[in-house]
Amino acid sequence: MANFQTVPVVDQIETSVLRQQTKLHQYLADHQIVHEAWSPLDEGAGRLFNHPVLKDLAAKYDHTTAQVMLRYLTQRQIMVIPRSTNPAHMAANLNIFDFALTAADLARVQALDEKFSLSGWPSSMTLDEDY
């Protein structure tokens, strides 16, 4: 950052429960740059919506698996803007602020990180590189 006159305000990067970008998130936080999740629901990948841990937490909190994933990211101070054209999904995606995951539940979701990229993008970026 020392080489730039203008520091970015937001960095949109592929982030989901399967690709949590832990080191990059810390780098952004250290430089007061907002981390925005690109594809926070992994483009609706079915395996996430049926993941046993997420289904268990959804039942515990009486919310959907999508809401649990979005809540997890927002509790980590990651901005989420999930894409949907379905009005019911849009409303549900906003309904994530009436519950909070416990520290134990946050740890359960954190353990799901596979550093999995949907598209390999960007293929030249080293995962969890020291920035």
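Checked against side-chain hydrogen bond (donor to acceptor under 3.5 Å, both in side chains), D30 has the following partners two or more places apart in sequence or in another chain: Q26. Qualifying side-chain contact (heavy atoms from CB on, under 4.5 Å) partners for V10, counting only residues two or more places apart in sequence or in other chains: V34, E36, M79. For A92, the side-chain contact (heavy atoms from CB on, under 4.5 Å) partners two or more places apart in sequence, or in a different chain, are Q67. Residues satisfying the side-chain contact (heavy atoms from CB on, under 4.5 Å) criterion with T15, sequence neighbours excluded, are I13, Q21, H35, A37, L73, I78. Here R108 pairs with V53, D56, L57, D105 under the side-chain contact (heavy atoms from CB on, under 4.5 Å) rule; sequence neighbours left out.
Panel note: side chain S39, backbone L41; no donor-acceptor pair is recorded below 3.5 Å. Q20 places a side-chain N or O within donor-acceptor distance of the main-chain N or O of V109, the cut-off being under 3.5 Å.
For the ring-ring contact (aromatic ring centres under 6.0 Å, His included) condition, the pairs that include at least one residue of residues 63-89, sequence neighbours left out, are H63-F99. Among residues at least two apart or in separate chains, there is no salt bridge (charged side-chain N to carboxylate O under 4.0 Å, His left out) pair with a member in residues 61-76.
Considering all non-hydrogen atoms of both residues, D42 and S16 come closest at OD1-OG, 2.9 Å. Between D11 and I33, the shortest heavy-atom distance links the atoms N-CG2, 3.8 Å.
Residues F97 and L106 are members of one and the same hydrophobic cluster, defined by side-chain heavy-atom contacts under 4.5 angstrom among Ile, Leu, Val, Met, Phe, Trp and Tyr. Note on V9: it does not cluster hydrophobically with L24, by side-chain heavy-atom contacts below 4.5 Å among ILVMFWY residues.
Screening L70, N93, V17 for a side chain to side chain contact (heavy atoms under 4.5 Å, CB included) with P40, the sole residue that qualifies is L70.
In this structure the side chain of V80 reaches within 4.5 angstrom of the side chain of T74, judged on heavy atoms. Using a 4.5 Å heavy-atom cutoff, the side chains of I96 and V68 are not in contact. Looking at T102 and Y61, their side chains come closer than 4.5 Å, going by heavy atoms from C-beta outward.
Atom CH2 of W38 sits about 5.0 Å away from atom CD of E14, to the nearest 0.5 Å.
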| Is there a side-chain contact (heavy atoms from CB on, under 4.5 Å) between K55 and F49 once you walk through the steps? | CA-CA 7 Å; K55 286 177 75 171; F49 292 99; over 6 Å; no

| Stepwise, does the side-chain contact (heavy atoms from CB on, under 4.5 Å) test hold for L48 with L18? | CA-CA 8 Å; L48 270 181; L18 294 181; 3.7 Å; yes

